[in-house]
Number of protein chains: 2
Amino acid sequence: MKKGERRKRELLQIAYRMFVSKGYENTSVDEIIEAAGIAKGTYYYYFQSKEQMLEEVIGMMLEVEAEKAEAVLRADLSVPEKIVGIIASIQPEQQERTIDEALHRPENLLMHDKIRGRLFDLIVPILSRAAEDGVREGLFDCDHIPERIRMILILSSDLFDGHNPYTPAVIDVFIDATEKILGARPGTMGFIRALVRAPQDVQ
Amino acid sequence: MKKGERRKRELLQIAYRMFVSKGYENTSVDEIIEAAGIAKGTYYYYFQSKEQMLEEVIGMMLEVEAEKAEAVLRADLSVPEKIVGIIASIQPEQQERTIDEALHRPENLLMHDKIRGRLFDLIVPILSRAAEDGVREGLFDCDHIPERIRMILILSSDLFDGHNPYTPAVIDVFIDATEKILGARPGTMGFIRALVRAPQDVQ
DNA sequence: TCCTTTTCGACTGTCGGTCGGTTTTTATTG
DNA sequence: CAATAAAAACCGACCGACAGTCGAAAAGGA
């Protein structure tokens, strides 16, 4: 019962690295089992299919980020600081920049989409709790917070996902839209600029 | 020189029907050539790859919708009517409902994504021109219209794309967000409700 | 006739997934 | 502490489906 768990984790780790570096579609099961030094049968003893393995790899990735985001929520910070922190916590680390890059390659659409969906389900409740604090403090003024948070995330993931460059106008309009969606005073969400600019600068 | 063009169109038509009914990923080149009664080599005489064929099929689909949308723009209608008309014109026809259905199946992510991108590039300028009329009439009050229109389209395509059911709250918030993004008075965009409800009712 | 366009279909390589059987571990007894 | 039965882990040859290739053969026009 112990050995199986370890092996499975090992396989997930190997696959994770390969999916990130070469892309999900471009990584064959044969390559995974060769890297792991196991036979085809063993692979399918642990995973029902390649796609089901992808789900588990994604789950593993998101576990870490969820933990970080919740830690930020619990910390003693202002509402804007929390929002910045939560969003930053789900951004790929410096050394994991390749993940992000890989995800935007067309051959990884499926993986990208799955991660996106699960990341949203994970992060919407957390960000919503921060936003609710914002409403209590009078920073924001709106109802249906989770729905609004989700919309903001949809917009940002589409606008700032790297594969189409965004103009300053897009950033301005996005900040304006964010403030209005949440019922905040103009300028309140200006801190978004720092979040959105950062990845672009590296390039 | 004539025969080739005709054959190519015929193949695109056949593929279009099959992609729509069975999905792009689930339609094999072998099935297409069997339906067309041609050999493998002939297929690859006309198309460099299956994916390149998909591009052409999509192009064919969008030509029709672009024409309809521009006709609405030229028509003598009020700004809200034009917006409704343009959006309606890119919505799948009654008898083509299966397209929409097919597009949302996970196996058609690639096709869905490609259509989405190209549809946006096509429809954003057209809708923007309608919105500019709206600004001139005092109905809307904002700058950077194309960017704002694009954001609204991003939101609607994500929220109302069928695979996740939307609550009344989502519709309310979307309408509210739309009005605020365009700087319209509350209630101005209430007509969206009809557009968004319709597909759901049929089901 | 000669040249171009169009058509053919056998073939290739890769891939995800299956299957029957073998080895290793673990739990259970005498 | 063996002996053994049952369960867990592992193996790799094999399969069918698939996108794409290629050299050669018709068809058509000048």
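Within every chain, numbering begins at 1; the chains are lettered A, B, ... in the order of the sequence lines, protein sequences first and strands thereafter.
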Checklist outcome for this item: Value for CD (E10(A)) from CZ (R6(A)), rounded to nearest 0.5 Å, stands at 9.0 Å

Checklist entry - Closest nucleotide of DNA chain C for S49(A) versus for T42(B): which of these residues is on the 5' side? => result T42(B)

Checklist entry - How many Å lie between CG on D30(A) and P on dC11(D), as a whole number? => result 14 Å

Item to check | Which nucleotide in dG20(D), dG9(C), dG16(C) has an atom nearest any side-chain atom of K50(B) | outcome: dG20(D)

Next on the checklist: Atom CD of residue position E137(A) - does it have more than 12 heavy atoms of other residues, nucleotides or ligands inside 6.0 Å?
Outcome noted: yes

Item to check | For atom OH of Y43(B) and atom P of dC18(D), their distance in whole Å | outcome: 13 Å

Checklist entry - Is there a side-chain polar atom (N or O) of S28(B) under 4.0 Å from OP1 or OP2 of dA17(D)? => result no

Item to check | Atom-to-atom span, CD of E25(A) to P of dA19(D) - whole angstrom | outcome: 14 Å

Checklist outcome for this item: To the nearest angstrom, the NZ-C1' distance between K8(A) and dA8(D) comes to 14 Å

Checklist entry - Y44(A) side chain N/O closer than 4.0 Å to the phosphate oxygens (OP1, OP2) of dT18(C)? => result no

Checklist entry - If you draw a 6.0 Å radius around CZ in R116(B), do more than 12 non-hydrogen atoms from other residues or ligands fall strictly inside? => result yes

Checklist entry - Could E5(A) and K8(A) be called an ion pair, given the rule that one side-chain N must be under 4.0 Å from one carboxylate O? => result no

Next on the checklist: Expressed as a whole number of angstroms, how long is the span from Y45(A):OH to dG21(C):C1'?
Outcome noted: 15 Å

Next on the checklist: From CD of E34(A) over to C1' of dC15(C), roughly how many Å is that when rounded to an integer?
Outcome noted: 15 Å

Checklist entry - Does a donor on one side chain sit under 3.5 Å from an acceptor on the other, for Q52(B) and S49(B)? => result no

Next on the checklist: Without decimals, in angstroms, what is the distance between I38(A) CD1 and dA8(D) P?
Outcome noted: 18 Å

Item to check | N or O in side chain of Y46(A) less than 4.0 angstrom from dC10(D) OP1/OP2 | outcome: yes

Item to check | Rounded distance in Å - CZ (R7(A)) to P (dC10(D)) | outcome: 5 Å

Checklist entry - dG17(C) base to K40(A) side chain: any donor-acceptor pair below 3.5 Å? => result yes

